[in-house]
Amino acid sequence: MALLDISPPSSEDFHAFEVLFTEEARLFLGKLVQEFDNEVEDVLRQRKILKLKYDQAGNLPTFKTSPARSDPSWKIAALPKRLLKRHLDLGDVSPADTERFSECLRQDVDGIQTDFDDGHCPTWHNQLQGWYNIYRHVHGQLDGVPSMEEAPVLMLRPRAWNMIDHNILVDGKETPGPLIDFGLLMFHNAVLMHEAGSGPFFYLSKLEGSNEAALWNKIFVWTQKQLGLPTGTVKACVLIENVFASFEMEEILWELRDHSAGLNCGIWDYSASFINKFGHRPAFLLPDRSKYVSMERPFLAAYMSLVVSTCMKRGAPATGGMAANILEQNNEQEIIEKVVSSKEREIKAGVDGFMVYDIGLIKPIKNLWKKYEGVNFKTVKSSLQTTADDLLNLPEGGVTLAGLKHNVMVGVLFISAWYSGKGCFVLKGCVEDSATAEISRSQVWQWIRQKARLEETGEVVTIRMVREMVDRYVKGQVEEIREAGEVFLEIVTMRDFPEFITTLLNDSHGFRKRQKST
């Protein structure tokens, strides 16, 4: 029997803790972690080994030769009714934010990205509140929202493999965050979700290859057996947000074929992964994301095209990213037109759906889908071939002073938000989360390391330049932002590129000390 050591809750969270961590739930979590902890460790080791191999050899990824790829006949298993038409989801919805979570449940959308990842900060309070709010909704205890059958379907996004849960130890060892999220959500909710035809459905983030999809599949099969659910009950949509994963989309779908809910595009984590894996190479200097990196450029267009064509080939849904725009009274119509134009391009690229953050965008986006009802753009995409060179061909462009300032601002404010227990914040009319923080701090690190030059002046981007920029920005700000500026400078000057900003923050003494009182 596993030995569980769980941090005590605050008085505010005591009831949620008692509901969630029953003796039966503790036994189940202990068995789940004991069963798969070593395999999670192996996946993380394999990531390091693969990156080292590419670094040493100077090679680049290419498509696999695999049985999954060579066999044209197979398709993913049939989808349940509630996943057949998901044109519009609300994104970055942390269930710890009771007000926003409840508000989203009342909206006329297909699904909600119920988020323990990019849009969520994993303080102990937030974890307990998030798990408990989902429990309350599924069990019909959350006031003022429709029943599970009538509300948008929950697309549950557990933490990624890089995230450790410091508050739950099994046999004296801290636990993988995604196993804890998945295990608790399944134990308390899966049977009721299944009986209601409303789940359990998941998003899986930051996978780097089909071996990681295979591990998730094993976890699904084991958990379903433990809970008495039929194989294939769990459905999961994989976010393709890593350059290595983009070369294994077919293999990922194959490994999850009984449990697949398709693939999703996560453009900022995907773009940041190029710096993560190849950022020290001059050929992979990524230009200013604000000016040169978009779905209109061949770099990301090829990536989305491959997601769409792969999914079409295997009978899987392909979904686009999230419109992070926030409606503002002074230019509301301009923002709506901008988002509609962007999402119209994704529809014409062949996606089956996508997300928005602001509920004010629901009506215009639903009207957009009505405009193209019955039109199939995938027939065009299926004949297009995306090559390895297409995926690895970064956009041309330089570094701008405005782009550097924006990246610095996003990075500093994200760190400050995390320290205050928030997973996202609004800046210049857009919601910023860990995905935009990743690309922002990654670009600043790379521009300093590669001595990139500003387009306007030809000046080299140096740590001195960035430090002066940070100092000017945090001057006169509250202590949390000044401290965040110091942490940001440490991150962008580390000798070895830190793989995930969330890992650094989650494991830091400063965050762990703060979260005890958050």
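Owing to the predicted nature of the structure, the values given are computational and were not obtained by experimental measurement.
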**Message:** Quick one: does any side-chain atom of Ser442 pair with a main-chain N or O of Glu438 as donor and acceptor, under 3.5 Å?
**Reply:** yes
**Request:** For the pair Trp161 (side chain) and Leu44 (backbone), establish whether a donor and an acceptor sit closer than 3.5 Å, ignoring hydrogens and angles.
**Result:** no
**Asked** Relative to each other, are the rings of Trp418 and Phe511 parallel, tilted or perpendicular (30° and 60° limits)?
**Response** tilted
**Prompt:** With no hydrogens and no angle check, is any side-chain donor or acceptor of Gln443 less than 3.5 Å from a backbone partner on Leu286?
**Reply:** yes
**Asked** Does a donor on one side chain and an acceptor on the other come within less than 3.5 Å for Asn276 and Ser273?
**Response** no
**Asked** Taking 4.0 angstrom as the limit, do Arg106 and Glu103 come out as a salt bridge?
**Response** no
**Request:** Using modelled atom types only, decide if a donor and an acceptor are shared between the side chain of Ser341 and the backbone of Glu337 within a distance under 3.5 Å.
**Result:** no
**Complete:** Exactly one candidate in Pro95, Ser94, Ser205, Cys121 meets side chain to side chain contact (heavy atoms under 4.5 Å, CB included) with Phe116; the answer is Pro95
**Item:** Geometric class of the Phe17/Phe21 ring pair [parallel <30°, tilted 30-60°, perpendicular >60°]
**Value:** tilted
**Fill in**
Given the options Asp13, Asp165, Asp181, Gln127 meets side chain to side chain donor-acceptor pair (under 3.5 Å) only with Asp181
**Asked** Taking side chain as C-beta onward, heavy atoms only, is His137 less than 4.5 Å from Leu105?
**Response** yes
**Asked** Do you know which of Phe202, Tyr203, Phe182 makes ring pair (Phe, Tyr, Trp, His ring centres under 6.0 Å) with Trp216?
**Response** Phe182
**Fill in**
What one should report as the nearest heavy-atom pair of Glu208 and Phe244 is O-CB, 3.3 Å
**Main-chain N/O of Ala318 paired to Asp352 side chain as donor or acceptor, under 3.5 Å** = yes
**Request:** Decide yes or no for Gln113 and Leu90: does some side-chain heavy atom of the first lie under 4.5 Å from some side-chain heavy atom of the second?
**Result:** no
**Request:** Kindly say whether Gly320 contributes a backbone atom to a donor-acceptor pair with the side chain of Asn264 at under 3.5 angstrom?
**Result:** yes
**Request:** Run the salt-bridge test on Lys277 and Glu499 with the 4.0 Å N-O cut-off and return the result as yes or no.
**Result:** yes
**Asked** Just by modelled atom types, is the Leu413 backbone N or O under 3.5 Å from a matching donor or acceptor in the Ser416 side chain?
**Response** no
**Prompt:** Could Asp55 and Lys51 be called an ion pair, given the rule that one side-chain N must be under 4.0 Å from one carboxylate O?
**Reply:** yes
**Message:** Determine whether a donor-acceptor pair (N or O, by modelled atom type, separation under 3.5 Å) exists between the side chain of Thr175 and the backbone of Ile168.
**Reply:** yes
**Request:** Name all residues meeting the side-chain contact (heavy atoms from CB on, under 4.5 Å) criterion together with Asp97; count only those two or more places apart in sequence or in a different chain, and write none if there are none.
**Result:** Glu99, Arg100
**Message:** Quick check against the 3.5 Å criterion: does Asp117 have a side-chain atom that pairs as donor or acceptor with the backbone of Arg159?
**Reply:** no
